[in-house]
Amino acid sequence: MSVDAEDPKENRLYSVSELSRELAITPRSMRFYEDKGLISPSRVGTTRVYSIRDRARMKLIIRGKQLGFTLRDIKQYLDLYDADPKHSAQKMLLLKQIQKKMRDLNAMGAAISATLSDLENIQQSLLNSFTVDAA
DNA sequence: TTTCTTACA
DNA sequence: TGTAAGAA
(Lines give C-alpha, C1' and ligand atoms only; values in the text may rest on other atoms or scores of the structure.)
Protein backbone atom coordinates (compact mmCIF):
# COMPACT_ATOMS: atom_id res chain seq x y z
CA MET A 1 0.00 0.00 0.00
CA SER A 2 1.19 3.52 -0.72
CA VAL A 3 1.72 5.51 2.42
CA ASP A 4 4.27 7.99 1.19
CA ALA A 5 1.85 10.80 0.33
CA GLU A 6 -0.98 11.12 2.84
CA ASP A 7 -0.30 8.88 5.82
CA PRO A 8 -3.08 8.74 8.35
CA LYS A 9 -2.69 12.03 10.15
CA GLU A 10 -1.53 10.29 13.31
CA ASN A 11 1.91 10.08 11.76
CA ARG A 12 1.88 13.28 9.79
CA LEU A 13 4.78 15.62 10.35
CA TYR A 14 5.10 19.32 9.68
CA SER A 15 7.87 21.80 9.13
CA VAL A 16 7.70 25.20 10.81
CA SER A 17 6.55 26.81 7.60
CA GLU A 18 3.80 24.26 6.96
CA LEU A 19 2.36 24.34 10.45
CA SER A 20 2.67 28.08 10.84
CA ARG A 21 0.81 28.45 7.54
CA GLU A 22 -1.95 26.15 8.72
CA LEU A 23 -2.24 27.91 12.05
CA ALA A 24 -1.95 31.39 10.56
CA ILE A 25 0.95 32.47 12.77
CA THR A 26 4.57 33.22 11.94
CA PRO A 27 7.36 30.65 12.21
CA ARG A 28 8.99 33.19 14.50
CA SER A 29 6.13 32.83 16.96
CA MET A 30 6.44 29.06 17.01
CA ARG A 31 10.15 29.30 17.72
CA PHE A 32 9.41 31.90 20.37
CA TYR A 33 6.95 29.58 22.13
CA GLU A 34 9.58 26.90 22.02
CA ASP A 35 12.08 29.23 23.67
CA LYS A 36 9.51 29.85 26.39
CA GLY A 37 9.14 26.11 26.87
CA LEU A 38 5.57 25.70 25.65
CA ILE A 39 6.45 23.26 22.88
CA SER A 40 9.31 20.93 22.14
CA PRO A 41 9.16 19.79 18.53
CA SER A 42 11.52 16.95 17.68
CA ARG A 43 14.46 17.61 15.41
CA VAL A 44 15.98 16.16 12.32
CA GLY A 45 19.41 17.62 12.61
CA THR A 46 18.70 21.20 13.64
CA THR A 47 15.41 21.44 11.78
CA ARG A 48 12.20 21.40 13.80
CA VAL A 49 9.70 18.66 13.05
CA TYR A 50 6.18 19.02 14.43
CA SER A 51 3.92 16.01 15.07
CA ILE A 52 0.15 15.89 15.25
CA ARG A 53 0.42 16.31 18.98
CA ASP A 54 2.65 19.32 18.58
CA ARG A 55 0.00 20.71 16.27
CA ALA A 56 -2.72 20.15 18.88
CA ARG A 57 -0.52 21.78 21.47
CA MET A 58 0.05 24.78 19.23
CA LYS A 59 -3.69 25.11 18.78
CA LEU A 60 -4.14 25.20 22.53
CA ILE A 61 -1.47 27.87 22.81
CA ILE A 62 -3.20 29.99 20.21
CA ARG A 63 -6.56 29.42 21.86
CA GLY A 64 -5.17 30.46 25.20
CA LYS A 65 -3.73 33.63 23.77
CA GLN A 66 -7.04 34.51 22.16
CA LEU A 67 -8.68 34.18 25.55
CA GLY A 68 -6.15 36.59 26.97
CA PHE A 69 -3.96 34.21 28.91
CA THR A 70 -0.23 34.80 29.19
CA LEU A 71 2.27 32.34 27.76
CA ARG A 72 3.18 31.56 31.33
CA ASP A 73 -0.43 30.66 32.18
CA ILE A 74 -0.64 28.49 29.09
CA LYS A 75 2.63 26.78 29.93
CA GLN A 76 1.39 25.89 33.39
CA TYR A 77 -1.74 24.39 31.88
CA LEU A 78 0.17 22.50 29.20
CA ASP A 79 2.73 21.14 31.63
CA LEU A 80 -0.06 19.41 33.53
CA TYR A 81 -1.19 17.46 30.48
CA ASP A 82 2.04 15.48 30.59
CA ALA A 83 1.52 14.80 34.27
CA ASP A 84 -1.74 13.25 35.49
CA PRO A 85 -3.45 11.17 32.76
CA LYS A 86 -6.81 11.90 34.35
CA HIS A 87 -6.12 15.61 33.89
CA SER A 88 -7.96 16.56 37.05
CA ALA A 89 -5.23 18.91 38.23
CA GLN A 90 -5.17 20.40 34.76
CA LYS A 91 -8.90 21.03 34.83
CA MET A 92 -8.65 22.55 38.28
CA LEU A 93 -5.91 24.90 37.14
CA LEU A 94 -7.89 25.91 34.08
CA LEU A 95 -10.90 26.61 36.26
CA LYS A 96 -8.80 28.85 38.49
CA GLN A 97 -7.22 30.61 35.53
CA ILE A 98 -10.60 31.25 33.99
CA GLN A 99 -12.03 32.60 37.22
CA LYS A 100 -9.10 34.93 37.69
CA LYS A 101 -9.34 36.04 34.08
CA MET A 102 -12.99 36.86 34.56
CA ARG A 103 -12.25 38.82 37.72
CA ASP A 104 -9.54 40.78 35.94
CA LEU A 105 -11.77 41.52 32.96
CA ASN A 106 -14.59 42.62 35.23
CA ALA A 107 -12.18 44.89 37.09
CA MET A 108 -10.98 46.35 33.82
CA GLY A 109 -14.56 46.83 32.75
CA ALA A 110 -15.31 48.73 35.94
CA ALA A 111 -12.22 50.89 35.46
CA ILE A 112 -13.24 51.66 31.90
CA SER A 113 -16.75 52.53 33.00
CA ALA A 114 -15.39 54.87 35.64
CA THR A 115 -13.12 56.63 33.16
CA LEU A 116 -15.94 56.82 30.65
CA SER A 117 -18.11 58.38 33.31
CA ASP A 118 -15.41 60.96 34.14
CA LEU A 119 -15.00 61.80 30.50
CA GLU A 120 -18.73 62.17 30.03
CA ASN A 121 -18.95 64.57 32.96
CA ILE A 122 -16.12 66.71 31.63
CA GLN A 123 -17.67 66.67 28.20
CA GLN A 124 -20.99 67.72 29.68
CA SER A 125 -19.58 70.68 31.56
CA LEU A 126 -17.80 71.77 28.43
CA LEU A 127 -21.02 71.49 26.47
CA ASN A 128 -22.88 73.38 29.21
CA SER A 129 -20.36 76.20 29.19
CA PHE A 130 -21.13 76.77 25.52
CA THR A 131 -24.90 76.95 25.95
CA VAL A 132 -24.45 79.26 28.94
CA ASP A 133 -22.23 81.59 26.91
CA ALA A 134 -24.80 81.64 24.15
CA ALA A 135 -27.64 82.47 26.55
C1' DT B 1 14.99 27.87 -1.08
C1' DT B 2 14.25 26.84 3.62
C1' DT B 3 15.54 26.78 8.24
C1' DC B 4 18.55 27.93 12.19
C1' DT B 5 20.64 31.03 15.61
C1' DT B 6 21.59 35.38 17.59
C1' DA B 7 21.05 40.12 18.40
C1' DC B 8 18.52 44.25 18.41
C1' DA B 9 14.15 47.19 18.21
C1' DT C 1 7.35 39.44 18.24
C1' DG C 2 9.43 41.57 13.73
C1' DT C 3 13.54 42.14 11.25
C1' DA C 4 18.33 41.53 9.91
C1' DA C 5 22.43 38.86 9.05
C1' DG C 6 25.31 34.96 8.25
C1' DA C 7 25.68 29.90 7.87
C1' DA C 8 24.24 25.16 6.45
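Model, not experiment: these values are computed from the prediction. Below, read A as the first sequence line, B as the second, and so on, with proteins coming before strands; counting in each chain starts at 1.
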Atom pairs, protein N/O to nucleotides 5-8 of chain C N/O, distance under 3.5 Å:
none

Inset, instruction - May I ask you to say whether A/Asp104 pairs ionically with A/Lys100, meaning some side-chain N is under 4.0 Å from a carboxylate O? - result: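 Salt bridge: yes.
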
Legend entry - Pairing of A/Glu34 and A/Arg43 as salt bridge, 4.0 angstrom limit: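 So A/Glu34 pairs with A/Arg43 through a salt bridge.
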
Legend entry - Check: A/Thr115/A/Asp118 side-chain N/O donor and acceptor closer than 3.5 Å: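 No, A/Asp118 and A/Thr115 have no side-chain donor paired with an acceptor closer than 3.5 Å.
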
Inset, instruction - Examine the side chains of A/Ser20 and A/Ser17 and answer whether a donor and an acceptor come within less than 3.5 Å of each other. - result: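 Side-chain D/A pair, A/Ser20 to A/Ser17: absent.
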
Inset, instruction - Write down the atom of A/Tyr50, the atom of A/Val16, and the distance for their closest heavy-atom approach. - result: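 In terms of heavy atoms, the two residues are closest at OH-CG1, 3.7 Å.
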
Legend entry - CA sep, side-chain torsions, deciding dist, call: A/Asn121, A/Ser125, side chain to side chain donor-acceptor pair (under 3.5 Å): CA-CA 6 Å; A/Asn121 287 330; A/Ser125 18; over 6 Å; no

Legend entry - Evaluation steps, salt bridge (charged side-chain N to carboxylate O under 4.0 Å, His left out), between A/Arg57 and A/Asp82: CA-CA 11 Å; A/Arg57 209 164 159 105; A/Asp82 306 312; 3.3 Å; yes

Inset, instruction - May I ask you to establish whether A/Arg12 and A/Tyr14 are in a cation-pi arrangement, using a distance under 6.0 Å from NZ or CZ to the six-membered ring centre and at most 45° from the ring axis? - result: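 Yes.
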
Inset, instruction - Can you check each nucleotide of nucleotides 2-9 of chain B against protein heavy atoms at under 4.0 Å and return B for base, S for sugar-phosphate only, - for none, in 5' to 3' order? - result: SSSS-B--

Inset, instruction - Under 4.0 Å between any heavy atoms, over every strand shown, what does A/Lys36 touch: base, sugar-phosphate, or nothing? Just pick one. - result: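 Here A/Lys36 touches no strand at all.
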
